Every structure is written in C-alpha cells, then in structure tokens.
2 protein chains.
Amino acid sequence: MTETHGKYDSGCPVAYALDILGDRWSLLIIRDMAVRGAQTYGALLEGWEGISTNILAQRLKQLEQDGIVSKTRDPENRRSFRYALTAKGRDLAPVIVELVLWSGKYNAADNAMTGLLEKIRVDRAAVEACIRAGKTP
Amino acid sequence: MTETHGKYDSGCPVAYALDILGDRWSLLIIRDMAVRGAQTYGALLEGWEGISTNILAQRLKQLEQDGIVSKTRDPENRRSFRYALTAKGRDLAPVIVELVLWSGKYNAADNAMTGLLEKIRVDRAAVEACIRAGKTP
DNA sequence: CTGGATCCCAATAGATACTG
DNA sequence: CAGTATCTATTGGGATCCAG
C-alpha cells in the first residue's frame, strides 16, 4: 500500500526523504515558509535565491501532493492564496536546524541573511518549537 | 575569502548546505559510506538505488572538492582506490539521523533495507558516534 | 493586481556503451 | 576496477501570456 513516490523506491528512509527534498529548491521553499514566514506565491518568489515562476509553481504543487504544504484561499483577500507548512512540513525543523549547524561549522563566514545560526545556538529547542508552532523564529 | 560554491550565494546556511547536498545522489553516496560502509567505486555502484557510473564519478569528484570525501590509493591493492568520509562528511550524521526519523514518522511502511531507524530509536547517540568514528552503525 | 501556465532555449542530469 | 564518451531527458531561467 506504500505509495510509490519517486524515482528510487529502495526502502531506505534517506531515499524517501530525498525523493521529496532532494532537489535544489524544495527545501529552500520550506525554509522560506518556516524561517522567513513567507505565505504567498509572491513572497516566495522574492526569496533570497531568486526562484523562477515555473519552478516555484511546480514545486509548490509537488510539495502539496507530498503533504508538506497546504494551500488555502486567503480569508482577507479573496484573490490571493496562502501557503502554509503542514505538520509534516514543520516536522522538518530538526533537519533544517542540523543543516544550519553543519553549515555554521564549516562555512562560518556567511550566515548574513538569517541570523538563524545564532538563534539556534542560543536556544535550539525554542527555534524548533517556533517552527513547529507555525511561527517564524 | 569565502569561496563561492555554487549557484545561489545567498548567505543562507541552508543554501550553503544545499549547494553541496541538494541533488538526488550526493547524500545517498554519503549514506552508503556512513551506513553501509562502502569504500570503493564498485561498492558505491551497487548501492540500493542504482546510480550510474558517470554520475557517481562526477559526484565523487565534487564531494572531494567540497571536502566531504577523501580519495586514497588502497594500500593493499595498488590498482584500487578507497573513498572515505572526512570529518566534515561524518559530521553530517545528525542530518542523516533527522532525515531518517522524519521518514520513519511519515513513511513508516518501508524501512526494509537499513534497519537504521530501529537502531536510532534504540540509541541515537551511539549511531551518531559510530558514524563519526568512521564505523558503520 | 496576484497566481500561475506556456513557450523557448540553455544548461544539467542521467542511462548506456565503451575504454585504459 | 574506475572511470570517459555519447546521446537523451529533465531542469531551470526568462519572458510572456492568461485567468480570476
């Protein structure tokens, strides 16, 4: 019954994760939602790395299918949509935290944009709790 | 002096990590070394997912440049090489562990090949210590 | 206007066959 | 065993077009 997801159906949990996250953009989109609080297509387009419109649309659709992202109409602005992380998406917080710690160790120099590393160093649990609560740390 | 690595030089630590790991194969190669103990080109080729030869060669070269993997001549077999994780590569252990835990939560069904999830659940610290020590858990 | 589809084209990733 | 060569498929950028 296990839905065959992607390319390699090896039964390895690392491969399962990489089927969803193993590309240049998916995790950056998740980061934009978790860390920067981006909630709209427009806000995601203006991320730090400059994703293009077709890729963003495609990845959002895929992430929605994978249960990472939810899409709803904006209650206050009927012509807009709101994207949010699901519980499954927010549960990636520890993965993001470990990636940031690793980068911080080996790429100490540039960490300019986020300040995330410092926040994690001060109180890692608090950062994860924020993300899990759907708030930006 | 920060060497510009890859595509997006945004200064975000997540992006730094993804520049090295954000593709379908790099982290699987690292997993094969860390978890399965693969040390040769041939052993890596026979991983669970079936990487093709050119991709493996290219990724190994890149991972070596990025300081994740080291390549040395096999002392016992002069015509063979041995690939190993560097400290930087082994320090990805927590990232792999978090990915496995996440997959285990949302893809409980298939975890057949590794048994890694169970080991992590029994003693996470021990698994990470193994990998950091260059031993397979 | 926001959100997204589409087309064109360049660049990368990848499978297979072959080589020292 | 450890790759290279070749060829095809997929990805991605950028502009533009389209719908609500």
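Since we're looking at a predicted model, the values are computed, not measured. Numbered from 1 within each chain, the chains take letters A, B, ... in sequence-line order.
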Let me know the distance between CZ of A:Arg24 and P of C:dT12, rounded to the nearest Å.
10 Å
Salt-bridge test for A:Arg31 and A:Glu49: reply yes if a basic N is under 4.0 Å from a carboxylate O, no otherwise.
yes
B:Asp23/A:Arg24 ion pair, N-O < 4.0 Å
no
Of the candidates C:dA13, D:dT4, C:dA5, the side chain of B:Ala57 sits closest to D:dT4
Once you round it to whole Å, what is the distance between C1' of D:dT10 and CG of A:Asp23?
12 Å
Using a strict threshold of under 4.0 Å (side-chain N to carboxylate O), is an ion pair present between B:Glu46 and B:Arg36?
no
Readout for nucleotides 15-20 of chain C: B = base within 4.0 Å of protein heavy atom, S = sugar-phosphate only, - = neither; 5' to 3' it is BBB---
Picking from C:dG3, D:dT4, C:dA5, which would you name as closest to the side chain of A:Tyr41?
C:dG3
Sole residue of A:Val100, A:Val35, A:Ile120 in side chain to side chain contact (heavy atoms under 4.5 Å, CB included) with A:Val127
A:Ile120
Base, sugar-phosphate alone, or nothing: which one does B:Gln58 contact when heavy atoms must sit under 4.0 Å apart?
sugar-phosphate
May I ask you to say whether A:Arg124 pairs ionically with A:Glu98, meaning some side-chain N is under 4.0 Å from a carboxylate O?
yes
Gap separating the CG atom of B:Leu28 from the CG atom of B:Leu56, nearest 0.5 angstrom
11.5 Å
Spacing of A:Asp74 atom CG relative to C:dC1 atom C1', expressed in whole Å:
14 Å
Might you point out which heavy atoms bring A:Pro94 and A:Glu128 nearest each other, and give the distance in Å?
CA-OE2, 3.6 Å
Which parts of residues 76-86 of chain B get close to DNA chain C, meaning a heavy atom less than 4.0 angstrom away?
none
Tell me: CD of B:Glu46 to C1' of D:dG3, nearest whole Å?
15 Å
Rounded at 0.5 Å granularity, tell me how far OH in A:Tyr83 sits from CD in A:Gln39.
12.5 Å
Taking atom C1' of C:dG4 as reference, at what distance in whole Å does atom CG of A:Leu45 sit?
10 Å
Any A:Lys71 side-chain nitrogen or oxygen under 4.0 Å from OP1 or OP2 of C:dG4:
yes
How long is the gap from CZ on A:Arg78 to CZ on A:Arg73, to the nearest 0.5 Å?
8.5 Å
Please report the distance, rounded to the nearest Å, between CZ in A:Arg59 and C1' in C:dG3.
18 Å
Grab the NZ-C1' distance between B:Lys61 and C:dA13 for me, whole Å please.
15 Å
Atom-to-atom span, CD1 of B:Ile29 to P of D:dA2 - whole angstrom
14 Å
